[in-house]
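So you know, we letter chains A, B, ... as the sequences are listed, proteins then strands, and number each from 1. Scope of the values below: all heavy atoms of this structure, side chains included, with no hydrogens, waters or symmetry mates.
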Amino acid sequence: MPFTVCTWNINSVRLREGLVARLLEEEAPDILCLQECKSPVEKIPSFGALGYSHMIARGQKGYNGVAILSKTPIREVSALDHADLGHARHVSAQTEDGVVIHNYYVPAGGDVPDREVNEKFGQKLDYLTAMRDAFRAERPERSILVGDLNIAPREDDVWSHKQLLKVVSHTPVEVAQLGETQEAGAWVDVTRRNIPEGKLYSWWSYRAKDWDAADKGRRLDHIWASPDIAGAAHGSRVLRAARGWEKPSDHAPVFATFDL
DNA sequence: ATGTCGGGGTTCCCCCGA
């Protein structure tokens, strides 16, 4: 059975309840993973009326927050507070088919890419180290990792490699750290396996006058799979149009389909 | 330094975080 997963940094699930509903109605993924819900779990709107009656989430007031919505039953596997930040940045759940879905919101890391002067950058690196160590301790199998990883690793994942080398999200130290995390789990970057060539973005700043025309994007949102199921993935895409919806999130949804 | 958003609190503006 084909199985479609979607990841979307929604930047407030309560403010954008209507956009989530639109996505579910128009695209009907089997699983939708949200980040930056910015809501306590009990205040996340229900999407049960649209057929998504199962949700596993972690939330906190005002910041962060991750949720996994599903058409079919899912059971919680874990909710990890990597680097002991006290944040709601991860939750994982297992489908009835035995597939584990990890939903991550990696810290953005502030403005200055130097942990000596910017504590948030240090927290981002520490968070990635903790992720890496968790996958070294237990190699993922039959698993999918999605989320806003807040790093655009490849040169063609940003509008200008040269101009972003010192910008948090594309610095060599972050890219190396993300690479270690990916390697620790033998994770396959499904999006780039399916779309190996060309510029590809999932985020465009609110600050650009005309985000579409300027197209100064970055690929911060990712779908990875463990090597045992990565070959089953196809149909990866970014729903760029959602960035142009009314009162949009600054991130676009990313999709992949698995024949499992 | 700046741009534009969202949330929360010391609210009807200001701060933080992104």
Scan side-chain atoms only and decide if A:Asp189 and A:Trp224 contain a donor-acceptor pair under the 3.5 Å cut-off. no

Heavy atoms only, 4.0 Å cut-off, all strands: where does A:Lys209 land among base, sugar-phosphate and nothing? nothing

Side-chain N or O of A:Lys61 less than 4.0 angstrom from OP1 or OP2 on B:dG8? no

To the nearest Å, how far apart are A:Tyr127 OH and B:dA18 P? 13 Å

Roughly how far apart, to the nearest Å, are B:dC5 and B:dA1 at atom P? 22 Å

Taking CZ from A:Arg14 and C1' from B:dG7, how many angstroms apart are they, rounded to a whole number? 9 Å

Whole-Å gap separating C1' (B:dC5) and NZ (A:Lys38): 8 Å

In whole Å, measure the gap between the C1' atoms of B:dG7 and B:dT2 for me. 22 Å

If you find the nucleotide of DNA chain B closest to A:Lys120 and the one closest to A:Tyr206, which residue's nucleotide is nearer the 5' end? A:Tyr206

Tell me: CG of A:Asn64 to P of B:dG6, nearest whole Å? 17 Å

Please report, rounded to the nearest Å, how far the C1' atom of B:dC5 is from the CH2 atom of A:Trp211. 16 Å

Test applied, side-chain hydrogen bond (donor to acceptor under 3.5 Å, both in side chains); reference residue, A:Ser236; option that passes from A:Asn194, A:Thr257, A:Thr191: A:Asn194

Which whole number of Å gives the distance between the P atom of B:dT10 and that of B:dC14? 16 Å

Most 5' of A:His251 and A:Leu15 on DNA chain B, judged by nearest nucleotide: A:Leu15

Is any NZ, NE, NH1 or NH2 atom of the basic residue among A:Glu36 and A:Arg89 found under 4.0 Å from an Asp or Glu carboxylate oxygen of the other? no

Could you tell me the separation between the OH atom of A:Tyr105 and the C1' atom of B:dG6, rounded to a whole number of Å? 11 Å

NZ/NE/NH1/NH2 to OD/OE distance under 4.0 Å, A:Arg192 and A:Asp156: yes

Whole-Å gap separating P (B:dG17) and CG (A:Asn150): 15 Å

Checking all strands, does A:Lys247 fall into the base, sugar-phosphate, or nothing category for heavy-atom contacts under 4.0 angstrom? sugar-phosphate

For B:dT11 versus B:dG6, give the span between their P atoms, rounded off to a whole number of Å. 23 Å

For the C1' atoms, the ones on B:dG8 and on B:dG3, what distance do you get once it is rounded to whole angstrom? 23 Å

Closest to the A:Arg89 side chain: B:dA18, B:dG9, B:dG7? B:dA18

Tell me whether the count of non-hydrogen atoms from other residues, nucleotides or ligands lying under 6.0 Å of CD in A:Glu76 goes above 12. yes

d(CZ, A:Arg16; C1', B:dG7) in whole Å: 12 Å

